[in-house]
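Computed from a predicted structure; not experimentally measured.
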Amino acid sequence: MKKIMLVILMSCISMLAMAQNKTYKIGDYYNDGNGVRGYVFEVSADGRHGKIVQCRLRNGGKLLDAGYPDLIKAGVPEMRYSNGEPAYIGLPVQLLWVGATSKTDGAANTEKLWNRWKELKSKYNFGKTYLSDIEEALKNANYYDALSPWSEKWYIPAIEELNSFYAAVVQDDLNQLIKDDVMNSDHMGEISDKESFWEKFLKIPQGLFWSSTQLPDSEKQEPLWFVLDMRDGTDCVYEPNGWRYWFILIRRF
């Protein structure tokens, strides 16, 4: 019995060593065997570490969403939105400023945003209609490691991380690499029409993508978020509510 246990232990150690020594390149499919799956878009010089983009890729939605009637129903004090036009105002943007200003650390930004989301839901009576598509995606992506720190979770990329993703799309033709992998592998299970599956769920769309980076010093008026245009790599800034853009979730390995 001891001999069998020793063999199993040695086998596990060997498998762990192999996993740690495995190297990747941009476009490779990543699977840690514990539910973390994605495509590599950034790698270290030795190929052992980097960042992956989650499957599925085609996510879109508003960063945050709550209309004027929702504010009244939720019990948000009128002073927080009385200066705006009731017909157009959304969730009071001042409530959304959390100092998520890092241009390189989306995990830290996302942690601040997530804590604010939880705080707002706890303090005010927001129903499910308030929850953004992005929050739902984060919740679903991280359901199995809820106790892990954000540095080990899926998160909304910071603006420079989005720029790195864009570079992989342009320079390494990440779209084509992902498509080739889908067509020539069974990573996603049995798929009858792989071309359609790639087009609908994995093809990186053109257009504007949310980052998790807030514009510094914008909280006094209207907190703005950096957005990246995937068509040409241009950075721009927009207000967080009322706009529906694409977004990706990424993770370090």
| query | Is there a donor-acceptor contact under 3.5 Å linking the side chains of Y155 and E161? | reply |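 A pair is found: one side chain offers a donor N or O, the other an acceptor, under 3.5 Å apart.
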
Residues E195, K179; criterion salt bridge (charged side-chain N to carboxylate O under 4.0 Å, His left out); working and verdict: CA-CA 8 Å; E195 180 83 31; K179 182 178 182 180; 3.0 Å; yes

Check your understanding: Hey, mind stepping through T104 and E160 against side chain to side chain donor-acceptor pair (under 3.5 Å) and telling me if it holds?
Key -> CA-CA 5 Å; T104 58; E160 290 302 329; over 6 Å; no

request  = Check the pair D32 / R251 against salt bridge (charged side-chain N to carboxylate O under 4.0 Å, His left out), numbers first and verdict last.
outcome  = CA-CA 12 Å; D32 74 346; R251 187 171 179 139; 5.7 Å; no

For [X] versus [Y], what's the shortest heavy-atom pair and its separation?
{"X": "L113", "Y": "A100", "answer": "CG-CB, 4.5 Å"}
{"X": "S148", "Y": "K153", "answer": "O-CE, 2.8 Å"}
{"X": "I26", "Y": "A168", "answer": "CG2-CB, 4.1 Å"}
{"X": "H187", "Y": "D181", "answer": "CD2-OD2, 2.9 Å"}
{"X": "G38", "Y": "C55", "answer": "CA-SG, 3.8 Å"}

CG (L174) and CZ (F41) are apart, to the nearest 0.5 Å, by 9.0 Å

When W246, Y245, F247 are each screened for ring pair (Phe, Tyr, Trp, His ring centres under 6.0 Å) with W210, the one that passes is Y245

Centroid-to-centroid, [X] to [Y], below 6.0 Å?
{"X": "Y39", "Y": "Y29", "answer": "yes"}
{"X": "Y238", "Y": "F226", "answer": "no"}
{"X": "Y30", "Y": "F253", "answer": "yes"}

Beyond-backbone contact of V36 with D145, side-chain heavy atoms, under 4.5 angstrom
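When only atoms from C-beta onward are counted, D145 and V36 do not touch, as no gap falls below 4.5 Å.
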
- request: Answer yes or no: is there a side-chain heavy-atom contact under 4.5 Å between L228 and T234?
  value: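 With C-beta onward as the side chain, the pair stays apart.
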
* Asked: Would V98 and N115 count as a side-chain contact (heavy atoms from CB on, under 4.5 Å) if you check the C-alpha gap in whole Å, the side-chain angles of each, and the deciding distance to 0.1 Å?
  -> CA-CA 9 Å; V98 293; N115 288 336; over 6 Å; no

Between [X] and [Y] (side chain of the first, backbone of the second, donor and acceptor by atom type, cut-off under 3.5 Å), is there such a pair?
{"X": "N109", "Y": "I156", "result": "no"}
{"X": "N140", "Y": "A137", "result": "no"}
{"X": "T213", "Y": "I159", "result": "yes"}

Taken in chain and number order and not counting sequence neighbours, the residues that satisfy side-chain contact (heavy atoms from CB on, under 4.5 Å) with K203 are R58, N175, W198, E199

Checklist entry - Can we say D105 and R252 salt-bridge, meaning some charged N sits less than 4.0 Å from an Asp/Glu carboxylate O? => result yes

